[in-house]
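Worksheet for the structure shown next.
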Amino acid sequence: MPRTAAGVGRVGDPVETTSIDWVSPAERANRSRRNPRRRGAHGDRTNPRMRTVRETSAGGLVVDGLDGPVEKQSAALIGRTDRRGRLLWSLPKGHIEQGETAEETAIREVAEETGIRGTVLASLGSIDYWFVTEGRRVHKTVHHYLLRFQGGELSDEDVEVTEVAWVPLSELESRLAYADERRLAEVAGELIARLSEGGNLDEHTGSHPADPDRPLGDRTRENG
């Protein structure tokens with residue numbers, strides 16, 4: 001028999017009644033199973049899958065003092081401030097523009113980001129890493145080259161660069177923020193030693209992809 005609930009009002013007002021069908025807890029559970037709640041557009045909280053894109057860049061290690069003693073040799077590095085406020089030092093690099101070779105891009109990007117002009121001597125190798133920007137997951141490959149200093153002065157006018165500096169080759173391992181670039185610096189040291197001994201750098205093809213067995217953190221960056 002239906003139960004009735006009295007409405008609340010002033011004394012003397014007519015009493016309104018509302019019919020309420022009483023349902024046992026077991027029946028409510030059965031109805032829920034038979035009629036699951038639909039998920040509309042606002043109810044579905046599943047995030048869309050992040051789009052993955054591939055980018056190719058080039059850059060390099062431009063070295064001054066190649067014709068002098070090793071202790072006088074230095075390389076131009078760029079420093080960028082990350083989201084945590086840390087100054088991270090790395091090799092200058094940038095996107096390969098349409099119609100450019102990787103070597104041409106390396107020369108241009110080194111000049112734009114450091115103010116230093118150089119000429120390509122040899123390939124140092126290629127590295128790859130991942131980063132996330134603007135809702136995209138980017139897989140970037142960067143071709144690096146050893147460059148000889150030709151002229152110019154250090155400049156941090158590039159808006160993406162916080163600082164630029166000449167760093168002694170002996171300090172590159174402690175200054176460079178990324179392990180894969182530190183390995184490229186080691187390759188550069190071997191090439192420079194060969195050059196000082198009168199060796200031929202043209203034989204060096206320089207293919208050093210990132211090691212897939214390294215922890216992912218070594219291959220992930222906050223930006224490009």
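Counting heavy atoms from C-beta outward, Val132 and Val138 have side chains that stay 4.5 Å or more apart. Side-chain contact between Glu163 and Leu154 is absent, with no heavy atoms from C-beta onward closer than 4.5 Å. Two residues are said to be in side-chain contact when any heavy atoms from C-beta on lie closer than 4.5 Å; Gln73 and Val70 meet this criterion. Glu55 has its side chain within reach of Phe131: a pair of non-hydrogen atoms, C-beta onward, lies under 4.5 Å apart. For the pair Lys140 and Ser57, the minimum side-chain heavy-atom distance is below 4.5 Å. No side-chain heavy atom of Tyr129 sits less than 4.5 Å from a side-chain heavy atom of Thr141.
Gly60 approaches Leu91 most closely through the heavy-atom pair O-CB, 4.0 Å. Looking at every heavy atom in both residues, Leu146 comes nearest to Ala188 through CD1-CB, 4.3 Å. When all heavy atoms are compared, the tightest approach of Ala106 to Gly59 is CB-O, 3.5 Å. In terms of heavy-atom proximity, Asp128 sits nearest to Asp180 at O-OD2, 4.4 Å. Heavy-atom minimum distance, Ser126 versus His143: OG-ND1, 2.5 Å. Scanning both residues, Leu172 and Ala185, for their nearest heavy atoms gives CD1-CB, 3.9 Å.
Ile192 and Leu77 fall within a single hydrophobic cluster, where Ile, Leu, Val, Met, Phe, Trp and Tyr are joined by side-chain heavy atoms under 4.5 Å apart, directly or via other members. Linking Ile, Leu, Val, Met, Phe, Trp and Tyr whenever their side-chain heavy atoms come within less than 4.5 Å leaves Val120 and Leu61 in two separate clusters. Hydrophobic clustering, with ILVMFWY side chains joined whenever heavy atoms are under 4.5 angstrom apart, keeps Ile78 apart from Leu88. Hydrophobic clustering (ILVMFWY, side-chain heavy atoms < 4.5 Å, transitive): Val63 and Trp89 are in one cluster. Clustering ILVMFWY residues whenever any of their side-chain heavy atoms sit less than 4.5 angstrom apart, transitively, puts Leu169 in the very cluster that holds Leu195.
Distance alone, capped at 3.5 Å, is enough to place a donor-acceptor pair between the Arg80 side chain and the Glu160 backbone. Counting only distance, with no hydrogens or angles, the side chain of Arg54 and the backbone of His139 share no donor-acceptor pair below 3.5 Å.
A salt bridge links Glu112 with Arg108: the closest approach of a Lys/Arg side-chain nitrogen to an acidic carboxylate oxygen falls below 4.0 angstrom.
The side chain to side chain donor-acceptor pair (under 3.5 Å) test with Thr105 is passed by exactly one of Glu97, Glu100, Lys93: Glu100.
Atom CG of Asp67 is separated from atom NZ of Lys72 by 15.0 Å, given to the nearest 0.5 angstrom. Summarising the geometry, atom OG1 belonging to Thr119 is positioned 5.5 Å from atom CG belonging to Leu121; distances are rounded to the nearest 0.5 Å. We find the CG-CG distance between Leu184 and Leu176 to be 9.0 Å, quoted to the nearest 0.5 Å.
More than 12 heavy atoms of other shown residues, nucleotides or ligands fall within 6.0 angstrom of atom CD in Glu171. For CD of Glu71, the number of neighbouring non-hydrogen atoms (other residues, nucleotides, ligands) closer than 6.0 Å is greater than 12.
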For this session: Evaluate the side-chain contact (heavy atoms from CB on, under 4.5 Å) criterion for residues Val142 and His144: first the C-alpha distance (whole Å), next the side-chain angles of each, then the deciding distance (0.1 Å), finally the verdict.
Result: CA-CA 6 Å; Val142 187; His144 285 281; 3.3 Å; yes
Exercise. Would Arg175 and Glu181 count as a side-chain contact (heavy atoms from CB on, under 4.5 Å) if you check the C-alpha gap in whole Å, the side-chain angles of each, and the deciding distance to 0.1 Å?
Worked result: CA-CA 10 Å; Arg175 187 72 69 91; Glu181 292 191 354; over 6 Å; no
Problem set entry | Steps toward side-chain contact (heavy atoms from CB on, under 4.5 Å) verdict (Leu147, Ile107) | CA-CA 8 Å; Leu147 285 76; Ile107 293 171; 4.1 Å; yes
For this session: Step by step, work out the side-chain contact (heavy atoms from CB on, under 4.5 Å) result for Tyr178 and Ile127.
Result: CA-CA 11 Å; Tyr178 304 108; Ile127 61 177; over 6 Å; no
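In the model, Thr81 has a side-chain atom that pairs as donor or acceptor with a side-chain atom of Thr162 under 3.5 Å.
A ring-centre distance under 6.0 Å is found for Trp166 and Phe149.
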